[in-house]
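All heavy atoms count here, side chains included; hydrogens, waters and symmetry mates do not.
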Amino acid sequence: MSKDINPQDSAQQRSSKLLLAMGVVVVLGVLAYFVLTLVVNRRMPANPDTRYTAENGVSVYYECDLWPVCQMTEDATLGRALELASAADSDDGNYQVVLFQRGDTSTYADFIGQSESDLKTAYGVISPLKVNLSIEGATVTAVRCDIQAYYAVLATIQYDSGDVIYVSGLTKLASINDIVNLVESVSLS
């Protein structure tokens, strides 16, 4: 009996090895994706070194190196608001800004819904996702909107007294931890 090699068996073995190798590459890719997602989205603890109470009664603890701009400003949409920014110029590649407006439940019928609508009109497709924020003594409703290379954070912080802080934040960074930490440090004076 001769020992002829069946070409079909050889091709099947090569195909099986190739499929196995492709499966390993896919599994490694999925694992790398999960690891990178955990690294980018992990919560970084805040190290506030400065407390500021604005004219509108909003108090915030923040890192002065991270947020060198802290002032009252006149925003076209929010009116008079406390502004914290990571740079004086919005052309800075690491520019982040957060605006805090104080009001009550009648100030906006639906602040987050209106803001999402404005963002959709301005940028087209946005992908809002609920964000879990907690502030002692307040009920917080917040979303993160993915807008191309930007992240917008919109939040309504409602206190038992009826006072509300409306938050609009924008970052060009892949992580929103700096804004989340800032929002969670807010209080009313």
Side-chain angles (χ1 to χ4, degrees), residues 41 43-44 46 48 50-64 66-88 90 92 94-173 175-189:
N41 291 324
R43 295 293 287 268
M44 304 289 276
T50 306
R51 177 186 162 107
Y52 181 78
T53 301
E55 297 166 12
N56 63 359
V58 176
S59 292
V60 64
Y61 284 99
Y62 67 97
E63 298 174 56
C64 64
L66 186 60
W67 304 101
V69 176
C70 181
Q71 63 192 9
M72 287 298 291
T73 189
E74 190 70 32
D75 180 71
T77 304
L78 294 177
R80 222 62 193 120
L82 170 61
E83 172 189 17
L84 277 90
S86 60
S90 62
D92 185 317
N94 295 323
Y95 183 72
Q96 300 180 97
V97 64
V98 184
L99 299 172
F100 299 93
Q101 179 193 28
R102 185 175 183 172
D104 57 33
T105 54
S106 66
T107 305
Y108 296 97
D110 181 12
F111 173 75
I112 292 177
Q114 283 179 301
S115 299
E116 285 179 3
S117 177
D118 292 344
L119 290 172
K120 284 179 187 175
T121 301
Y123 298 102
V125 177
I126 64 170
S127 303
L129 299 169
K130 186 175 181 182
V131 176
N132 292 322
L133 297 176
S134 60
I135 297 175
E136 190 174 328
T139 303
V140 181
T141 305
V143 296
R144 178 190 85 194
C145 297
D146 301 344
I147 311 166
Q148 300 161 1
Y150 297 87
Y151 290 101
V153 177
L154 306 169
T156 302
I157 305 166
Q158 186 170 355
Y159 293 89
D160 295 337
S161 64
D163 289 313
V164 180
I165 298 175
Y166 299 99
V167 181
S168 298
L170 183 68
T171 180
K172 292 181 181 178
L173 301 175
S175 173
I176 62 170
N177 291 329
D178 297 334
I179 292 177
V180 168
N181 289 335
L182 187 62
V183 171
E184 289 185 333
S185 75
V186 167
S187 64
L188 290 174
S189 59

Query raised in the report: Can you check whether Leu129 reaches Tyr151 side chain to side chain, under 4.5 Å on heavy atoms?
Result: no
Requested in this report: Give a yes or no answer on whether the side chain of Thr121 reaches the backbone of Ser117 with a donor-acceptor pair at less than 3.5 Å.
Outcome: yes
Report task. Identify the heavy atoms of Glu116 and Cys145 that sit nearest to each other, and give their distance. Result -> CG-SG, 4.1 Å
Query raised in the report: Can you find a pair of side-chain heavy atoms, one from Val98 and one from Trp67, that are under 4.5 Å apart?
Result: yes
Query raised in the report: Is the number of heavy atoms from other residues, nucleotides or ligands within 6.0 Å of CG (Asp160) greater than 12?
Result: no
Requested in this report: Taking the side chain as every heavy atom from C-beta outward, state whether Val60 and Leu84 have any atom pair closer than 4.5 Å.
Outcome: yes
Query raised in the report: Which atom pair, heavy atoms only, marks the closest approach of Phe111 to Ser168?
Result: CZ-OG, 3.4 Å
Query raised in the report: Taking the side chain as C-beta and beyond, is there a heavy-atom pair between Leu182 and Ser185 under 4.5 Å?
Result: yes
Requested in this report: May I ask you to test the Ile165-Val186 pair for a side-chain heavy-atom distance under 4.5 Å?
Outcome: yes
Query raised in the report: Can you check whether Thr171 reaches Asp178 side chain to side chain, under 4.5 Å on heavy atoms?
Result: no
Query raised in the report: Is the number of heavy atoms from other residues, nucleotides or ligands under 6.0 Å of Tyr61 OH greater than 12?
Result: no
Report summary line: Interatomic distance, CD@Glu83 vs CZ@Phe100, rounded to 0.5 Å, equals 11.0 Å
Query - Atom pair CD1/CG of Ile179 and Leu170 - distance to nearest 0.5 Å - result: 7.0 Å
Report summary line: In short, Ala152 meets Leu119 closest at the heavy-atom pair CB-CD1, 4.0 Å
Query raised in the report: Is Glu74 close to Arg80 at the side-chain level, that is, under 4.5 Å between some pair of heavy atoms?
Result: yes
Report summary line: Here the gap from Ile126 atom CD1 to Asp146 atom CG, rounded to the nearest 0.5 Å, amounts to 9.0 Å
Query raised in the report: Counting distance only, does the side-chain N/O of Ser189 pair as donor-acceptor with the main-chain N or O of Gly57 below 3.5 Å?
Result: yes
Report task. Identify the heavy atoms of Tyr166 and Gly103 that sit nearest to each other, and give their distance. Result -> CE1-CA, 4.2 Å
Query - Side chain proximity check, Met72 to Leu82, heavy atoms < 4.5 angstrom - result: yes
Query raised in the report: How far does CD of Glu184 sit from CD of Glu136, to the nearest 0.5 angstrom?
Result: 12.0 Å
Query raised in the report: Roughly how far, to the nearest 0.5 Å, is the OG1 atom of Thr139 from the CG atom of Leu133?
Result: 12.5 Å
Requested in this report: With side-chain contact (heavy atoms from CB on, under 4.5 Å) as the test, would you mind laying out the steps for Asn56 and Gln101 before giving the verdict?
Outcome: CA-CA 8 Å; Asn56 63 359; Gln101 179 193 28; 5.5 Å; no
Query raised in the report: Which atom pair, heavy atoms only, marks the closest approach of Ala138 to Ile157?
Result: CB-CG2, 3.7 Å
Query raised in the report: Which heavy atom of Ser86 sits nearest a heavy atom of Gln96, and at what distance?
Result: OG-N, 2.7 Å
